[in-house]
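Just so you know, ligand 1 is whichever comes first in the structure, and atom 1 is the first atom listed for that ligand.
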Amino acid sequence: MAKIIDGKKIAAEVRADIKRRAAEFAAETGVVPGLAVVIVGEDPASKVYVRNKGLACVEAGFKSVTVEMPEETTMDELLGKLEELKADSTIHGILVQLPLPRHLDEKAVLEAIPPEKDVDAFHVVNTGKIMLGEYSFLPCTPAGVMELLRHENIDVCGKECVVVGRSNIVGKPMAMLLLHANGTVTVCHSRTRDLAEVTRRADILVVAIGKADFITGDMVKEGAVVIDVGMNRRADGKLTGDVDYASVEVKASAITPVPGGVGPMTITMLLENTLTAAKESVK
Ligand code: GUN
């Protein structure tokens with residue numbers, strides 16, 4: 001049976017440390033880290049994520065601003081709001097929750113967030129830095145995965161790492177972080193010819209495709225570490241990952257549950273990035 005990687009517990013430890021460092025920084029400089037989260041429209045999942053981000057900020061002693069804009073918000077209105085937040089010296093991090101309503105130009109919106117306040121690390125400048133390994137901000141979900149591996153003393157160096165999914169938010173930056181940690185990295189996607197053949201090679205398997213229970217035990221090597229980034233809702237309303245937990249946990253040496261695995265780490269890394277942005281702002 002696999003060891004369950006308890007993301008909730010690890011996140012709580014890291015968040016306590018962030019809170020302590022933020023308080024220390026505030027005592028030294030008088031600056032309280034501030035995060036603004038912008039949400040456009042009524043997507044129920046996005047609303048939950050945004051609420052959790054705000055709560056995490058407050059718990060860490062940060063300033064939290066949530067900007068809720070209606071579905072019919074225009075580009076001009078959204079860009080105007082971002083200009084306001086950009087000029088606000090009490091806000092060190094700005095995040096626009098994705099996905100945006102279809103009529104809005106996501107790329108233009110992400111480019112309107114100044115790189116120094118881009119705590120998601122989605123701006124082209126920060127994306128480019130990730131490629132080069134010169135991080136200002138680590139992309140939150142992949143960074144959370146690396147933090148989990150570190151906490152579990154799982155060494156990436158020289159290992160076969162397989163990432164399933166090639167999104168800009170998770171798959172691509174995940175591959176870069178594993179590569180920078182000296183893993184041998186393969187990225188699979190919907191056009192991969194024999195997916196199971198590739199995933200069975202993995203010592204470390206990271207799955208981020210958004211398909212419920214997609215990776216089954218027969219696709220996993222005995223003793224592999226399996227990291228499930230998925231967050232899907234089953235027909236019965238229950239949350240589930242991209243990994244079929246029951247059949248994989250009997251093969252894996254370690255596995256992240258859903259919920260309670262990667263999820264809590266993503267927001268933790270967002271707090272870390274906001275603290276970094278606040279520190280950079282007084283340099
Ligand atoms: N939607 C799903 N994940 C994310 C994320 O990490 N950041 C933002 N801004 N939107 C998301």
side-chain contact (heavy atoms from CB on, under 4.5 Å) partner of Leu205, chosen from Val243, Ile215, Val248: Ile215
Charged N-O contact under 4.0 Å between Lys221 and Glu160: no
Is any side-chain heavy atom of Met1 closer than 4.5 Å to a side-chain heavy atom of Glu249? yes
Residues Arg21 and Glu272 bridged, charged N to O under 4.0 Å: yes
Do NZ/NE/NH1/NH2 and the carboxylate oxygens of Lys81 and Glu84 come within less than 4.0 Å? yes
Between ligand 1 and the protein, which N/O pairs are shorter than 3.5 Å?
residue, atom, partner, partner atom, Å
ligand 1, 1 (N), Gln97, NE2, 3.3
ligand 1, 1 (N), Leu98, O, 2.9
ligand 1, 7 (N), Asp120, OD1, 3.2
ligand 1, 7 (N), Asp120, OD2, 3.3
ligand 1, 9 (N), Val96, O, 2.8
ligand 1, 9 (N), Asp120, OD2, 2.6
ligand 1, 10 (N), Leu98, N, 3.0

Going through the checks in order, is the side chain to side chain contact (heavy atoms under 4.5 Å, CB included) test met by Ile255 and Asp228? CA-CA 8 Å; Ile255 187 168; Asp228 188 351; 5.8 Å; no
